[in-house]
There are 2 protein chains.
Amino acid sequence: MADRVRTIPPSSSPTPVSPEASAGYQVRRAHRRFDRFLNACLSRQGVKSGFWYYLRVLWIRDGVSQKYLSDMTNVAENTTATIVNSMVEDGLVTRKRDTEDRRRFSVLLTDRGRALEKKLMPYAAEINTVATEGIAEADLELCLSVLKRMSENLALGFDEHDKRPSEKA
Amino acid sequence: MADRVRTIPPSSSPTPVSPEASAGYQVRRAHRRFDRFLNACLSRQGVKSGFWYYLRVLWIRDGVSQKYLSDMTNVAENTTATIVNSMVEDGLVTRKRDTEDRRRFSVLLTDRGRALEKKLMPYAAEINTVATEGIAEADLELCLSVLKRMSENLALGFDEHDKRPSEKA
DNA sequence: GAAAGATACTTCGGTATAGAAGTAATTGCA
DNA sequence: TGCAATTACTTCTATACCGAAGTATCTTTC
């Protein structure tokens with residue numbers, strides 16, 4: 001059943017892959033640092049960091065489904081459900097049954113949720129500014145495109161296995 | 001007190017920073033995908049994903065302190081405490097008071113913990129291989145060095161604030 | 001047009017993570 | 001030498017996340 005993600009480990013690696021030279025390691029470390037920095041910013045504003053990613057989606061496009069939010073934030077749907085609940089409690093969004101497809105909810109910003117954009121968005125720039133200090137523009141762009149490609153590569157491995165257990169072709 | 005991590009949001013960003021073009025966004029997405037892929041591999045082997053990062057450190061250098069593990073894995077010390085407890089329960093490591101400095105523990109691999117190296121290490125290469133498919137060697141290396149620089153930049157902002165509230169110089 | 005499958009969401013249980021505050025051991029310094 | 005600061009670790013509480021399994025709704029298919 002599995003293919004990219006095997007049950008039996010692949011034959012021993014040719015290169016032992018030192019952590020420093022490993023993409024997985026560097027991505028994880030960078031992520032942890034971004035995450036802590038972001039948390040520090042947001043907690044000062046009394047906003048839970050889990051909200052951030054959802055707010056960013058909603059500021060761009062309001063009234064979307066939880067599925068859409070999950071896809072955009074790269075988070076599982078049950079996680080989104082939990083966090084949206086929490087955001088409703090905090091008065092940042094409301095839920096409304098979609099009339100077209102009654103399985104769905106529309107998640108809608110409240111005034112308070114919308115107002116946070118002005119207060120919080122500058123942090124996105126702030127964090128990226130700090131993070132990218134001393135990095136040439138071209139290098140950064142290349143890095144981001146490599147990250148994007150890696151995300152796509154890893155998603156592929158997954159879709160094949162988890163989302164489509166039976167090959168369609 | 002804070003400096004890099006401000007209480008008052010910085011003045012409004014010059015560029016609105018579209019998510020796709022944001023380093024934070026790309027790093028986070030890549031991290032989530034790596035994380036899921038890794039989890040899928042490890043759960044098939046009955047190993048909790050939290051163990052992985054600690055095992056990797058211990059396979060290289062056995063008998064280190066929890067502090068050292070925390071530093072190497074970029075994880076807070078209380079998190080390390082929890083996970084090491086869990087690893088002890090699962091019989092992968094043991095703890096031994098350091099006789100030189102009795103505040104410390106040495107975390108030591110059991111035979112079982114050591115044996116996992118052969119079984120699990122190939123995944124490090126596997127994941128990186130899948131992730132970096134179609135990416136030029138030079139581009140990857142540049143990407144990793146940019147990630148490293150970003151991690152350093154973000155850590156700096158933190159150390160200034162959290163680790164050294166009072167300037168030493 | 002009814003059963004089978006897919007989709008959107010929820011609930012439950014568990015892991016991974018952090019911050020804050022506490023304890024014990026060590027180090028630094030007056 | 002003795003007390004203050006620091007360090008290593010723990011405990012408590014809360015958040016962020018996932019997989020599995022369940023419900024309701026929609027779609028497909030014969």
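The sequence lines fix the lettering, A, B, ..., with proteins before strands; numbering per chain opens at 1.
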Classify [X] by what it touches in the nucleic acid, base, sugar-phosphate, or nothing, heavy-atom distance under 4.0 Å.
X: B/Q66; answer: sugar-phosphate
X: A/S65; answer: sugar-phosphate
X: B/D101; answer: sugar-phosphate
X: A/R95; answer: sugar-phosphate
X: B/S49; answer: sugar-phosphate

Using whole Å, report how far [atom1] of [X] lies from [atom2] of [N].
X: B/N85; N: C/dT17; atom1: CG; atom2: P; result: 15 Å
X: B/N39; N: D/dG19; atom1: CG; atom2: P; result: 7 Å
X: A/L38; N: C/dA18; atom1: CG; atom2: P; result: 14 Å
X: B/D71; N: D/dC9; atom1: CG; atom2: C1'; result: 13 Å
X: A/F105; N: C/dT7; atom1: CZ; atom2: P; result: 19 Å
X: B/L42; N: C/dT15; atom1: CG; atom2: C1'; result: 13 Å
X: B/R44; N: D/dC18; atom1: CZ; atom2: C1'; result: 14 Å
X: A/R104; N: C/dT7; atom1: CZ; atom2: P; result: 11 Å

Original post:
A/W52 vs A/W59 aromatic rings, parallel, tilted or perpendicular, using cut-offs 30° and 60°?
Top reply: perpendicular
Subject >> Residue among A/M150, A/R149, A/K148 satisfying side-chain contact (heavy atoms from CB on, under 4.5 Å) with A/V146 >> reply: A/M150
Original post:
Do A/Q66 and A/R95 get their side chains close enough for a donor-acceptor pair, meaning under 3.5 Å?
Top reply: yes
**OP:** Examine the side chains of B/N74 and A/R33 and answer whether a donor and an acceptor come within less than 3.5 Å of each other.
**Re:** yes
Go through [options] for me and flag the one nearest to the [X] side chain.
X: A/R103; options: D/dC26, D/dC18, C/dA18; result: D/dC26
X: B/N78; options: C/dG19, C/dA8, C/dT11; result: C/dG19
X: A/R32; options: D/dC17, C/dC9, C/dA18; result: C/dA18
X: A/K48; options: D/dC18, D/dT15, C/dT11; result: D/dT15
X: B/R102; options: D/dT25, C/dA25, D/dC18; result: C/dA25

**OP:** Please determine if a side-chain N or O atom of B/T79 lies less than 4.0 Å away from the OP1 or OP2 oxygen of C/dA18.
**Re:** yes
Subject >> Any residue meeting side-chain hydrogen bond (donor to acceptor under 3.5 Å, both in side chains) with B/S43, in chain and number order, not counting sequence neighbours >> reply: none
Subject >> Residues B/R103 and B/D98 bridged, charged N to O under 4.0 Å >> reply: no
Original post:
Which comes earlier along DNA chain D counting from the 5' end, the contact point of B/K67 or that of A/Y53, where each point is its nearest nucleotide?
Top reply: B/K67
Subject >> 5′-ward residue of the pair B/R97/B/E77 relative to DNA chain C >> reply: B/E77
